[in-house]
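Values in this document were obtained by computation on a predicted structure and should not be read as measured data.
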Amino acid sequence: MNDIYEATHYDLSLRGVLMDTTFKVYTANDAIQVTSDVNFDIQGDVHSSLNYFASSIIGGIAHTIINEGKRSHLDIEELEGKIHLTLAEPLTILGVKGYEAPPSIDTCRITYYVYADTDDDTLTSFCHEALQKSYIYHTLQRAMDLTIQFTPLV
């Protein structure tokens with residue numbers, strides 16, 4: 001249909017540099033500091049790649065829903081979400097002897113609580129349709145056990 005590359009693809013390139021113990025990733029106008037791959041210290045104040053990954057998932061899908069609402073003239077007035085990731089084989093990451101299975105994120109559970117001025121069934125149906133426009137959803141669905149639930153707020 002269209003043989004213009006940019007009509008069917010969007011390329012993103014970032015540059016990362018190790019600075020002491022932090023890996024700094026430069027975006028067009030900012031930098032993201034990643035201080036570890038995963039932080040097992042629940043009290044720690046570390047920006048791990050797992051934290052950024054989970055934030056990107058829940059935030060990216062939320063923005064897809066909001067943007068699709070605007071296109072459909074449905075004002076999403078409230079939207080909150082919870083994400084739960086399960087990291088399989090975490091002891092391999094810690095270097096524990098006897099644990100060498102490749103670590104991976106094998107499940108992702110997201111619940112969005114959403115309110116818009118429409119009935120619950122219409123809102124839930126709209127949210128599931130909006131997921132069809134999410135590149136994050138489609139990519140992760142192929143990579144892991146992904147479940148997304150929408151709960152209308154009253």
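Applying the ring-ring contact (aromatic ring centres under 6.0 Å, His included) test to Tyr5 and every residue at least two apart in sequence or in another chain returns His9. Gln149 is linked by a side-chain contact (heavy atoms from CB on, under 4.5 Å) to Thr111, Thr151, counting only residues two or more places apart in sequence or in another chain. With sequence neighbours excluded, the residues that form a side-chain contact (heavy atoms from CB on, under 4.5 Å) with Thr92 are Glu89, Tyr99, Pro103. Qualifying salt bridge (charged side-chain N to carboxylate O under 4.0 Å, His left out) partners for Arg15, counting only residues two or more places apart in sequence or in other chains: none. Judged as a side-chain contact (heavy atoms from CB on, under 4.5 Å), and not counting sequence neighbours, the contacts of Phe53 are Ile57, Leu85, Ile105, Leu140, Met144. A search for side-chain contact (heavy atoms from CB on, under 4.5 Å) contacts involving Asp119 returns Asp121, Thr122, not counting sequence neighbours. Looking at residues two or more places apart in sequence or on another chain, you find a ring-ring contact (aromatic ring centres under 6.0 Å, His included) between Tyr112 and Phe150. Under the rule for a salt bridge (charged side-chain N to carboxylate O under 4.0 Å, His left out), Lys24 has no partner lying at least two apart in sequence or in another chain.
Atoms OG1 and CG, from Thr107 and Leu146 in turn, are 9.5 Å apart once rounded to the nearest 0.5 Å. The structure places CD1 of Ile32 at 13.5 Å from OG1 of Thr22, a figure rounded to the nearest 0.5 Å. The OG1 atom of Thr64 sits 12.0 Å away from the OH atom of Tyr137 when rounded to the nearest 0.5 Å. Put simply, CD1 on Ile136 and CD on Gln141 are 13.5 Å apart, with the number rounded to the nearest 0.5 Å. Separation of atoms CZ (Arg71) and CD1 (Ile66) is listed at 12.0 Å; rounding is to 0.5 Å. Interatomic distance, Leu91 CG to Ile93 CD1, rounded to the nearest 0.5 Å: 9.0 Å.
Residue His63 qualifies as open at atom NE2: its count of foreign heavy atoms under 6.0 Å is 12 or below. Within a 6.0 Å radius of CG in Asp41, more than 12 heavy atoms belonging to other residues, nucleotides or ligands are found. Surrounding OH of Tyr26 are more than 12 heavy atoms belonging to other residues, nucleotides or ligands, all under 6.0 Å away.
The salt bridge (charged side-chain N to carboxylate O under 4.0 Å, His left out) pairs that include a residue from residues 28-38 number zero, where partners must be two or more places apart or lie in different chains. Here salt bridge (charged side-chain N to carboxylate O under 4.0 Å, His left out) pairs that include residues 46-61, with residues two or more places apart or in two chains, number zero. Applying the salt bridge (charged side-chain N to carboxylate O under 4.0 Å, His left out) rule to pairs touching residues 143-154 yields Arg109-Asp145, sequence neighbours excluded. Residue pairs satisfying the salt bridge (charged side-chain N to carboxylate O under 4.0 Å, His left out) criterion with at least one member in residues 123-138, sequence neighbours excluded, are listed as follows: Glu68-Lys133.
Here the closest non-hydrogen pair linking Ser48 and Thr35 is N-OG1, 4.4 Å. Taking both residues in full, the closest heavy atoms of Phe126 and Ser72 are given as CE1-OG, 3.9 Å, listed atom of the first, atom of the second, then distance. The two residues Ala31 and Thr27 make their nearest non-hydrogen contact at N-OG1, 4.2 Å. For Val114 against Leu123, the heavy-atom pair with the smallest separation is O-CD2, 3.6 Å.
Asn51 places no side-chain N or O within donor-acceptor distance of the main-chain N or O of His47, the cut-off being under 3.5 Å. Between the Ser134 side chain and the Ala130 main chain, no donor and acceptor come within less than 3.5 Å of each other.
Under the 4.5 Å side-chain heavy-atom criterion for ILVMFWY residues, no single connected hydrophobic cluster contains both Tyr10 and Ile4. In the hydrophobic clustering of this structure, Val38 groups with Leu94; members are Ile, Leu, Val, Met, Phe, Trp, Tyr whose side-chain heavy atoms approach within less than 4.5 Å, directly or through other members. In the hydrophobic clustering of ILVMFWY residues, with side-chain heavy atoms under 4.5 Å counting as a link, Leu87 and Tyr52 come out apart. Side-chain heavy atoms closer than 4.5 Å link hydrophobic residues (I, L, V, M, F, W, Y) into clusters, and following such links, even through other members, never connects Phe40 to Val34. When the side chains of ILVMFWY residues are joined at heavy-atom separations under 4.5 Å, either directly or via intervening members, Leu153 and Leu74 end up in two distinct hydrophobic clusters.
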Next on the checklist: Show, in sequence, the C-alpha distance, side-chain angles and deciding distance for Leu131 and Ile148, and conclude whether the side chain to side chain contact (heavy atoms under 4.5 Å, CB included) test is met.
Outcome noted: CA-CA 9 Å; Leu131 279 180; Ile148 299 178; 3.8 Å; yes

Next on the checklist: What verdict does the side chain to side chain contact (heavy atoms under 4.5 Å, CB included) test give for Cys127 and Thr124, after you've listed the backbone C-alpha separation in whole Å, the side-chain angles of each residue and the deciding distance to 0.1 Å?
Outcome noted: CA-CA 5 Å; Cys127 289; Thr124 302; 5.8 Å; no

Next on the checklist: Run Lys82 and Tyr113 through side chain to side chain contact (heavy atoms under 4.5 Å, CB included) and show every step you take.
Outcome noted: CA-CA 9 Å; Lys82 293 189 310 185; Tyr113 302 92; 3.5 Å; yes

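The side-chain contact (heavy atoms from CB on, under 4.5 Å) test with Cys108 is passed by exactly one of Ile83, Thr147, Thr86: Ile83.
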